[in-house]
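Working notes, beginning with the structure itself.
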Amino acid sequence: MTSKTELESVVIRLAGDSGDGMQLMGSQFVATTAKLGNDFATFPDYPAEIRAPVGTTFGVSAYQVNLGSVSITTAGDEPHVLVAFNPAALKVNLAIIAKGATILLNSDAFSSRNLTKAGYTEDPRTSGELDGYNVVEADIGRLTLEAVKELGLSKSDGGRCKNLWALGLLLWMFDRDIKMVSEWVSNKFAKKEVIRDANLAALQAGHIYGEASEISAYVTPIAVKAATFPPGEYRSIMGAEALALGLAAAAEKADRKMMFCGYPITPASALLHRLSQLGELGVGTFQAEDEIAAVCSAIGAAFGGAIGVTASSGPGIALKAEAIGLAVNTELPLIIVNAQRGGPSTGLPTKTEQSDLYQAVYGRNGDTPIPVVATRSPGDCFYVAIEAVRIALRHMTPVIILTDGYLQNAAEPWEIPDVDAIEPIATNDAPARDEDVERQQQAFTRNPDTGGRPWISPGTLDLMHRVGGIEKDIVTGHISYDGENHSAMSDLRANKVKSVADFIPLQELEMGETKGRLLVIGWGSTYGPIYQAVKAVRETGADVSYVHLTYIQPFCKNLGDIINGFDQVMVPEMNMGQLNTLLKDRFSIDPISVTQVTGQPFRISNLKKKITAALKAMQPGEAA
Amino acid sequence: MTSKTELESVVIRLAGDSGDGMQLMGSQFVATTAKLGNDFATFPDYPAEIRAPVGTTFGVSAYQVNLGSVSITTAGDEPHVLVAFNPAALKVNLAIIAKGATILLNSDAFSSRNLTKAGYTEDPRTSGELDGYNVVEADIGRLTLEAVKELGLSKSDGGRCKNLWALGLLLWMFDRDIKMVSEWVSNKFAKKEVIRDANLAALQAGHIYGEASEISAYVTPIAVKAATFPPGEYRSIMGAEALALGLAAAAEKADRKMMFCGYPITPASALLHRLSQLGELGVGTFQAEDEIAAVCSAIGAAFGGAIGVTASSGPGIALKAEAIGLAVNTELPLIIVNAQRGGPSTGLPTKTEQSDLYQAVYGRNGDTPIPVVATRSPGDCFYVAIEAVRIALRHMTPVIILTDGYLQNAAEPWEIPDVDAIEPIATNDAPARDEDVERQQQAFTRNPDTGGRPWISPGTLDLMHRVGGIEKDIVTGHISYDGENHSAMSDLRANKVKSVADFIPLQELEMGETKGRLLVIGWGSTYGPIYQAVKAVRETGADVSYVHLTYIQPFCKNLGDIINGFDQVMVPEMNMGQLNTLLKDRFSIDPISVTQVTGQPFRISNLKKKITAALKAMQPGEAA
Amino acid sequence: MNAPLTHKDFTTSQEVRWCPGCGDYAILRVVTKTLAEIGATRENTAFVSGIGCSSRFPYYVESYGFHTIHGRAPAVATGLKLTNPELDVWVVTGDGDGLSIGGNHLLHALRRNVDLNILLFNNEIYGLTKGQYSPTSRVGTRSPSSPGGSTDMPLVPGQFAIGAGSKFYARAIDTDKVGLGEVLKASHAHKGASMIEIYQNCIVYNDNVFGGFTDKENVKDSQIKLVHGEPMVFGAEQNKGLAFDIKTMAITVVDANKHADEILVHDETNKVIAQLLIGMPRPQFPVALGVIFHQPADPFDKTYYNNHVSGMKRTGNIKDVLRKTTTWKVD
Amino acid sequence: MNAPLTHKDFTTSQEVRWCPGCGDYAILRVVTKTLAEIGATRENTAFVSGIGCSSRFPYYVESYGFHTIHGRAPAVATGLKLTNPELDVWVVTGDGDGLSIGGNHLLHALRRNVDLNILLFNNEIYGLTKGQYSPTSRVGTRSPSSPGGSTDMPLVPGQFAIGAGSKFYARAIDTDKVGLGEVLKASHAHKGASMIEIYQNCIVYNDNVFGGFTDKENVKDSQIKLVHGEPMVFGAEQNKGLAFDIKTMAITVVDANKHADEILVHDETNKVIAQLLIGMPRPQFPVALGVIFHQPADPFDKTYYNNHVSGMKRTGNIKDVLRKTTTWKVD
Ligand SMILES: Cc1ncc(C[n+]2csc(CCOP(=O)(O)OP(=O)(O)O)c2C)c(N)n1
Ligand SMILES: Cc1ncc(C[n+]2csc(CCOP(=O)(O)OP(=O)(O)O)c2C)c(N)n1
Ligand code: SF4
Ligand code: SF4
Ligand SMILES: [Mg+2]
Ligand SMILES: [Mg+2]
């Protein structure tokens with residue numbers, strides 16, 4: 001055994017062509033990591049849309065993982081280890097890795113043709129631009145072919161095992177054995193023996209290479225100890241999967257069928273894919289002809305007594321806006337998931353952003369308020385999904401869940417919840433027929449606390465009624481064009497959404513005191529970097545607290561009180577300042593808006609700077 | 001000649017079945033009124049959607065006009081004269097007319113069947129509920145048939161002349177002759193002689209009836225003198241027509257074709273109808289298969305070098321949201337007209353509301369800012385249309401025009417503008433080919449002051465390029481997935497909209513001083529009632545000023561300064577407080593939000609109360 | 001409540017709000033009557049409509065009803081039917097609602113063969129928005145949006161339906177109680193998407209546009225009522241028949257007495273003839289009424305359930321599913 | 001610049017971003033070549049597309065181009081063509097883009113007969129979003145959104161087009177340069193909406209789905225290339241032919257030598273046969289390629305201009321129009 005360096009946390013980035021299998025390599029590395037008890041967070045960074053020609057910079061696919069023996073909440077600012085499968089991968093990633101990082105290069109891909117394709121006029125390995133990095137080269141392609149040559153594969157099939165070879169080496173570098181991955185390979189290719197054996201051979205060869213070759217002269221294996229997790233049963237989870245499972249759990253807790261109606265779009269499709277595997281949980285999925293049909297069929301399903309769910313990203317959500325208004329007017333429960341991506345228009349479909357908050361809160365005709373909740377981490381998606389269904393069923397209203405491209409694909413270790421401990425979801429069941437009241441009116445006799453009306457579905461004996469998008473009489477539920485009634489119904493709709501605040505928990509502080517100088521307010525997937533940044537600044541003794549919002553419309557009842565306890569509020573978000581607008585409106589405050597729209601998560605270091613600067617700029621006399 | 005009462009202004013309301021021709025009767029009355037030099041404002045109040053069965057309350061159609069020798073800006077709070085063609089019309093309108101008003105009843109419609117249909121259990125003429133009103137009855141139906149009997153019409157054809165008979169009487173009541181209406185009838189039915197003669201006979205009979213019958217014992221003709229208008233050439237104009245003409249004028253001023261692509265929807269359809277009669281002005285109209293196709297074909301037209309225009313109401317605008325984002329990203333000029341109506345969803349399609357402001361400003365995915373302008377009065381629509389086109393062409397951006405159901409149909413006297421005095425609209429014409437720059441880049445080389453790019457259309461030699469909804473490189477105009485570039489482009493889009501403020505006029509005060517206690521800020525069709533209310537309160541010596549916004553995004557540069565000069569701001573609007581949100585966001589203020597969502601315009605008296613109460617509630621010590 | 005229901009049981013308390021004389025009234029009467037006749041129950045019947053005069057329909061039928069938004073009824077109905085496959089779901093739509101803004105949803109409901117009974121009220125005009133021309137309006141239609149006459153080629157609903165893959169297409173006239181009742185029953189019996197085009201007179205904005213074959217004096221010579229297995233004869237004296245001319249591959253009108261052997265026998269499963277019947281130009285040919293095309297096939301809701309792992313039942317539980325992956329314990 | 005343009009002149013500087021081996025490359029090559037051959041100019045040519053792999057197309061053609069949003073290309077193209085009727089407007093769309101989300105716009109562009117050349121890249125899958133099944137995917141297609149196999153009946157693009165009233169429908173295969181080139185030219189020559197369905201292989205998500213008739217060994221027996229006025233024969237030895245069986249009203253395969261007189265001669269104006277050719281089931285029948293249906297008719301853009309009071313020219317002025325009503329003077 002060679003000597004080891006022990007680190008608290010380390011950020012690794014794998015980069016190569018879309019066809020090089022980076023995502024698979026990354027996720028398998030993480031599976032081992034998880035099992036060993038590290039905390040981690042991942043960030044798959046796909047190329048834009050189409051599989052690009054081999055070797056081009058725009059075709060580079062990357063997978064970043066941050067693993068640690070300490071608590072990890074982001075995929076890390078600056079990778080300490082970069083694996084670059086070709087010159088393009090090096091070119092694209094060099095700017096973002098840490099100075100002094102270890103770079104593992106697949107040297108046989110550094111042909112002059114590939115260098116040109118990547119836009120290099122000189123070979124970076126000799127041009128001096130890698131000075132200061134710990135560069136390690138290996139002929140991964142050739143070595144892989146050698147490892148599998150006895151199995152009689154074609155050159156191209158053999159070449160496809162490159163990522164397993166590299167994974168073997170990576171596992172060695174991090175002082176892990178290849179057992180888990182071997183098992184996975186054996187399972188996955190159980191029916192394709194040659195492929196299985198080739199992958200196993202490559203994996204082993206890569207691992208052995210670390211031990212045997214002179215590489216150990218340059219690289220010392222890095223050990224990252226297990227993190228301390230609270231006791232429990234754990235698994236790794238991605239955001240999209242957690243959302244799917246959370247929705248299915250909610251259906252179980254409400255004892256209703258769930259009907260998911262969607263239309264594929266990046267990065268929301270993952271939800272459709274995952275839910276279409278959950279049939280045994282009474283979940284149906286329907287791929288509609290477009291987003292409008294998707295939301296409308298989900299509304300039809302809700303009318304039919306199932307929890308209707310639809311999902312899309314910004315452009316698709318835009319198409320659903322009219323129908324969402326219909327769900328509001330008909331007072332039907334509907335979950336709308338928005339997996340946000342870079343806008344406007346088609347924008348940056350594979351990049352992450354939080355720029356659909358305005359759309360969620362305000363993006364409809366008329367005064368059409370809807371509860372909006374947001375997810376902060378992969379595992380959190382599970383709980384937010386349940387909460388959204390709970391709200392929808394309690395108040396009989398559509399609910400929007402905001403998540404984003406980053407969360408959809410990111411993974412983290414996650415304690416499997418005790419499902420029995422989750423409170424059942426109450427539904428506004430059909431009442432008994434009351435002969436003194438018109439049937440139509442029975443369907444619109446609302447719970448005064450929640451505004452929720454009974455959920456009466458076709459098939460229910462003797463409670464037939466009609467719903468629609470035209471304004472209804474507040475008492476009878478029949479069409480009404482009366483002005484005062486419309487006014488009363490507008491209030492009812494507003495109050496229904498406001499009443500959500502009576503049922504959700506109070507806003508908690510993530511960190512810090514309830515009064516002080518600076519309060520940072522975040523929402524959504526920026527949780528990880530903001531958490532780390534605030535923590536770091538607090539460790540310098542600074543007076544900064546942190547609140548992260550799950551409930552965006554309505555806000556938790558005490559949010560205003562919390563805000564009032566601080567001299568200044570800072571709102572970091574991956575858009576041009578949308579939550580900021582909301583806070584100004586609701587609380588008449590003037591926060592510092594910190595925005596970033598680069599399609600990438602915040603860097604902890606940048607946020608730290610912003611917070612520190614804000615604290616500095618505040619007049620000392622201004623203390624609370 | 002009988003004796004006359006002279007009044008400064010009077011509000012008349014005509015009400016009957018949808019089939020009774022109230023709108024025609026009203027508009028012809030107004031035509032005469034206009035010609036005589038009265039100022040006026042009208043408010044057609046259609047029944048909801050479908051022609052309802054005769055005699056029902058929900059089938060009542062009304063037309064209200066306020067005419068005066070003084071300046072008129074609203075259709076009036078409480079009618080002084082009501083013409084009720086049947087019991088339902090009486091029933092629906094009694095609550096809103098002034099105490100002591102004159103009510104002209106078509107008595108032969110007061111059959112017990114019709115009374116029942118209207119929901120009367122007792123005849124209101126005898127039940128006492130009309131006590132205190134000046135009730136005048138006439139057997140309009142029978143008298144009309146008598147007047148036309150020599151012409152040999154069928155009973156039903158003859159009966160259709162009822163409205164002309166009543167119009168004759170009304171003209172007598174207001175001391176007007178029947179000349180103008182006679183001419184109009186003669187023209188309109190030039191080819192249908194019998195119909196023409198019958199209508200003329202009815203008109204005359206009604207007029208003579210006033211003079212001859214004992215009616216003059218109860219009613220004294222009312223004279224309303226001509227108002228003092230600035231010298232000029234005048235016509236009567238409705239909002240929809242003014243908008244259509246303004247758009248056509250803008251096309252002429254820009255020397256471009258205009259292509260209007262729409263899909264029918266109440267109350268936006270009027271624009272499609274009017275524009276489809278303006279072919280001689282180089283205006284094309286295209287009725288698309290839906291709103292999405294409408295906006296997309298307008299975008300296609302804009303790409304083709306015509307001014308692309310589309311229009312709808314809230315639900316249809318919702319459907320256009322995705323494509324509007326495309327117009328933003330491709331930087332094409334596009335005008336989107338929203339004739340707002342009561343929401344949410346199908347809501348109250350024939351009632352007016354201002355509740356699509358959020359949608360206009362925020363209703364898209366991504367950070368997708370767009371200039372938004374609003375119209376305040378029928379005639380103002382003409383100028384706002386020109387201004388919107390000017391902005392769209394200068395900055396190469398879509399522009400949203402907010403108007404509403406009330407304005408679409410309301411009419412007022414209007415000075416015909418001196419078209420020559422309107423500044424030509426500059427376009428960003430195609431540049432000459434520069435061989436040193438890529439063609440694509442030439443198409444995206446923007447004017448640094450306006451952000452506008454050249455408007456190069458297919459057919460232009462040697463400047464071929466590609467546009468699309470994916471993010472573009474800020475310099476070359478080619479697709480770019482680069483994060484920093486996206487950030488720069490996001491700024492560019494935001495700055496483009498901000499830069500509009502550099503070119504529009506400064507915000508003017510409608511009334512009052514630039515500093516003081518209370519500033520009322522209005523927008524859109526509430527201009528009339530707010531104006532009158534502020535005026536009335538000011539006449540009591542109160543310190544209140546008034547600003548009415550045409551430019552909503554961006555606001556005029558000096559609006560913040562104006563606001564800062566006041567202790568308090570009040571924002572009356574026909575929604576749940578949408579402009580209020582915007583003002584809070586942009587100026588960190590906390591205005592008094594005055595909202596009304598009854599589908600009806602504000603009443604001057606209500607606003608007066610609100611303003612007075614606000615002034616009272618303000619601490620005296622708070623003076624500026 | 002055990003007495004058989006009558007059409008009155010299917011009538012709501014709501015005042016009907018169509019123009020006096022509108023064809024919609026007649027259709028409403030036949031529909032409620034048919035519901036009673038086929039033994040439908042009110043709780044297991046749902047009417048879903050879009051927006052338009054015709055789409056007001058659900059308010060007047062005492063069953064479950066959903067007046068959705070413009071053009072989207074087939075999508076809402078699909079979601080409802082998938083959730084609740086035992087329901088009888090009727091879709092009511094207009095030529096604007098179903099073929100203009102809603103064309104895509106109608107297309108896909110027909111293609112997928114969702115078991116919906118789709119009633120297309122074709123009045124060749126936008127009634128509710130006051131008379132603009134629609135996708136079925138004939139070339140030259142003058143309307144507020146086409147003051148000089150429309151130039152768009154109209155869509156032929158039957159051709160559209162068959163192009164979409166519909167397995168059932170029938171035609172009827174608003175005021176023809178018997179004919180309409182029959183196709184309603186046939187549509188109800190058909191499992192899968194059935195499309196019924198109803199010629200409906202809009203007395204206000206497009207009065208008498210179907211007069212060529214609905215005016216009393218024309219009826220016999222200008223209508224042909226198709227009955228599966230019966231020869232295609234028509235005319236006041238039943239003296240005309242339809243035949244197929246192989247040379248021109250077209251349908252011709254022949255003398256029913258002289259050429260009785262050439263006369264086509266209606267086979268509702270024959271798509272070729274169905275398409276020709278649909279396309280017959282007027283006034284040279286009579287308008288074909290009744291069930292024009294009908295080919296049984298498994299409906300989508302059935303194949304969907306067959307293919308669903310558990311037939312939409314909850315057979316597993318979330319606890320287990322959460323653990324269907326690598327898990328580890330921390331103590 | 002007077003030398004005739006070559007396909008290179010129609011090629012942009014942009015790196016082509018499709019998967020290696022994608023059928024889109026072959027189509028791109030034939031299109032740019034055809035543009036040169038038909039003497040198109042770059043400034044008067046516009047490519048309009050939606051979203052999908054195929055919809056990247058405009059970036060690679062040196063002409064005016066518009067990569068719009070998902071499904072909306074026909075609508076954008078209609079606005080462009082109406083504004084600028086002298087342009088050659090090409091629409092590029094996929095089976096998802098054109099037939100799923102964009103079905104309504106395609107329907108109405110075809111119905112109206114707007115003079116657009118519409119290229120439908122049918123790979124029976126959603127390529128760009130990573131392989132979900134599409135409206136043309138066959139029943140049983142396993143995909144990320146249909147792990148148990150899809151159950152939706154597929155749409156037949158040709159049937160859809162003719163149901164929409166299309167006057168031109170042709171078919172080609174991505175890699176068949178000659179066949180594709182010919183239908184592109186015919187489509188360009190046709191004034192009105194022409195729909196070309198191109199079988200395009202998605203090597204990543206639906207590889208070889210058309211192998212039944214594109215694999216070299218199958219070509220002769222599984223494809224029939226239609227030529228107007230020529231008999232419909234095919235097979236390795238040209239020994240098979242298509243005939244029409246009046247009894248079943250269906251197309252049959254006959255021995256071309258024995259039954260030469262029965263063999264159909266392709267008449268592209270015959271809609272009945274066109275529909276039968278489109279619907280021929282595989283593998284019992286060959287796939288029909290070439291111009292299957294073509295009936296000249298006035299395009300929408302033409303009738304629109306003819307019907308426009310001034311042919312979209314400004315002949316009046318706003319000053320006068322403002323006064324076309326009662327006016328009065330105040331002094
Ligand atoms: C999104 C949207 N667009 C437009 C409208 C306006 N609109 C309501 S009904 C209708 C067309 C009605 O025509 P049709 O479907 O033929 O029904 P009919 O009234 O003739 O029965 C239109 C355009 C609307 N309500 N919603
Ligand atoms: C409004 C909207 N919905 C969904 C998407 C996602 N999307 C992009 S392309 C596509 C389908 C592509 O399939 P197809 O048209 O067949 O093209 P291909 O990639 O197969 O060439 C989808 C669903 C989108 N971009 N916009
Ligand atoms: S407008 Fe036409 S379709 Fe609508 S209710 Fe009246 S008559 Fe019937
Ligand atoms: S995913 Fe398929 S269609 Fe798309 S570029 Fe790749 S091979 Fe072509
Ligand atoms: Mg209609
Ligand atoms: Mg495809």
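Note that this is a predicted model, so its numbers are computed, not measured. By convention in this document, chain letters (A, B, ...) are assigned in the order of the sequence lines, proteins followed by strands, and residues within each chain are numbered from 1.
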Practice item. Dump the intermediate steps for salt bridge (Lys or Arg N to Asp or Glu O under 4.0 Å) on D:Arg112 and B:Glu289, then the final yes or no. Key: CA-CA 10 Å; D:Arg112 291 196 186 97; B:Glu289 57 271 24; 2.9 Å; yes

**Study point:** Partners passing ring-ring contact (aromatic ring centres under 6.0 Å, His included) against D:Tyr59 (at least two apart in sequence or in another chain)
**Key:**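 In terms of ring-ring contact (aromatic ring centres under 6.0 Å, His included), with neighbours along the sequence ignored, D:Tyr59 is linked to D:His67.
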
Under a 4.0 Å N-O cut-off, is there an ion pair linking [X] with [Y]?
{"X": "B:Arg466", "Y": "D:Glu62", "value": "yes"}
{"X": "B:Glu280", "Y": "D:Lys324", "value": "yes"}
{"X": "D:Arg314", "Y": "B:Asp255", "value": "yes"}

Using non-hydrogen atoms and a 4.5 Å limit, figure out which bit of [X] sits close to chain D: side chain, backbone, both or neither.
{"X": "B:Ile237", "result": "neither"}
{"X": "B:Leu332", "result": "side chain"}
{"X": "B:Met180", "result": "side chain"}
{"X": "B:Ala34", "result": "both"}
{"X": "B:Ala249", "result": "both"}
{"X": "B:Thr330", "result": "side chain"}
{"X": "B:Ala323", "result": "both"}
{"X": "B:Ala251", "result": "both"}
{"X": "B:Glu438", "result": "side chain"}

Point to revise | B:Lys257 side chain vs D:Thr83 backbone, donor-acceptor pair below 3.5 Å | key: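 Yes; judged by distance alone, with no hydrogens or angles, the pair exists.
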
Point to revise | Exam field: side chain D:Asn84 to backbone B:Gly305, donor-acceptor pair closer than 3.5 Å | key: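 Not at all, since once roles are kept as given, no pair shorter than 3.5 Å links the two residues.
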
Check your understanding: Would D:Lys319 and B:Asp420 count as a salt bridge (Lys or Arg N to Asp or Glu O under 4.0 Å) if you check the C-alpha gap in whole Å, the side-chain angles of each, and the deciding distance to 0.1 Å?
Key -> CA-CA 9 Å; D:Lys319 265 195 219 175; B:Asp420 293 333; 2.7 Å; yes

Review point. Would one find more than 12 heavy atoms of other residues, nucleotides or ligands at under 6.0 Å from atom NZ of D:Lys329?
Key: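 No, the 6.0 Å shell around NZ holds no more than 12 heavy atoms from other groups.
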
Review point. Would you say D:Lys191 has more than 12 foreign heavy atoms packed within less than 6.0 Å of its NZ?
Key: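 Above 12, so yes.
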
Would you say that [X] contacts [Y] through its side chain, given a criterion of any heavy-atom pair below 4.5 Å between the two side chains?
{"X": "B:Trp414", "Y": "D:Thr327", "answer": "no"}
{"X": "D:Phe66", "Y": "B:Ile299", "answer": "yes"}
{"X": "B:Glu233", "Y": "D:Val330", "answer": "no"}
{"X": "B:Ile456", "Y": "D:Tyr64", "answer": "yes"}
{"X": "D:Thr12", "Y": "B:Arg439", "answer": "no"}

Could you look at [X] and say if it's the side chain, the backbone, both or neither that has a heavy atom under 4.5 Å from chain B?
{"X": "D:Asp331", "value": "backbone"}
{"X": "D:Thr326", "value": "both"}
{"X": "D:Val48", "value": "neither"}
{"X": "D:Tyr304", "value": "side chain"}
{"X": "D:Gln14", "value": "side chain"}
{"X": "D:Ser13", "value": "side chain"}

If I compare all heavy atoms of [X] with all of [Y], which pair ends up nearest, and what's the gap?
{"X": "B:Pro458", "Y": "D:Leu87", "answer": "CB-CD1, 3.4 Å"}
{"X": "D:Leu80", "Y": "B:Gly304", "answer": "CD1-CA, 3.4 Å"}
{"X": "B:Leu461", "Y": "D:Glu43", "answer": "CD1-OE2, 3.0 Å"}
{"X": "D:Met312", "Y": "B:Val283", "answer": "SD-C, 4.1 Å"}
{"X": "D:Ile318", "Y": "B:Ala248", "answer": "CD1-CB, 4.2 Å"}
{"X": "B:Gly279", "Y": "D:His308", "answer": "O-CE1, 3.3 Å"}

Top contributor to chain B contacts, counting heavy-atom pairs under 4.5 Å, from [options]:
{"options": "D:Ser49, D:Ser63, D:Pro58", "value": "D:Ser63"}
{"options": "D:Asn317, D:Thr68, D:Thr45", "value": "D:Asn317"}
{"options": "D:Gly65, D:Gly316, D:Ser310", "value": "D:Gly65"}

Do you know which of [options] has the most heavy-atom pairs under 4.5 Å to chain D?
{"options": "B:Gly468, B:Ala293, B:Gly459", "answer": "B:Gly459"}
{"options": "B:Trp184, B:Phe286, B:Phe382, B:Phe229", "answer": "B:Phe286"}
{"options": "B:Thr228, B:Leu245, B:Asn329", "answer": "B:Leu245"}
{"options": "B:Val295, B:Asp418, B:Leu463", "answer": "B:Leu463"}

Result block: side-chain N/O donor-acceptor pairs under 3.5 angstrom for residues 69-78 of chain D, not counting sequence neighbours:
residue: D:His70; atom: ND1; partner: D:Ile51; partner atom: O; Å: 3.1
residue: D:His70; atom: ND1; partner: D:Asp97; partner atom: OD1; Å: 2.9
residue: D:His70; atom: NE2; partner: A:Tyr263; partner atom: OH; Å: 2.8
residue: D:Arg72; atom: NE; partner: D:His70; partner atom: O; Å: 3.4
residue: D:Arg72; atom: NH1; partner: D:His105; partner atom: NE2; Å: 2.9
residue: D:Thr78; atom: OG1; partner: D:Pro74; partner atom: O; Å: 2.7

Starting at [atom1] of [X], measure out to [atom2] of [Y] and round the result to the nearest 0.5 Å.
{"X": "D:Phe10", "Y": "B:Met464", "atom1": "CZ", "atom2": "CE", "result": "8.5 Å"}
{"X": "B:Arg235", "Y": "D:Leu322", "atom1": "CZ", "atom2": "CG", "result": "6.5 Å"}
{"X": "B:Ile292", "Y": "D:Asn104", "atom1": "CD1", "atom2": "CG", "result": "8.5 Å"}

Practice item. If the plane angle is over 60° it's perpendicular, under 30° parallel, otherwise tilted; pick one for D:Trp328 and B:Tyr234. Key: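 Parallel.
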
Check your understanding: Does the pair D:Arg56 and B:Ile479 meet the rule for a side-chain contact (heavy atoms from CB on, under 4.5 Å), with working shown?
Key -> CA-CA 11 Å; D:Arg56 285 273 173 142; B:Ile479 287 184; 4.0 Å; yes

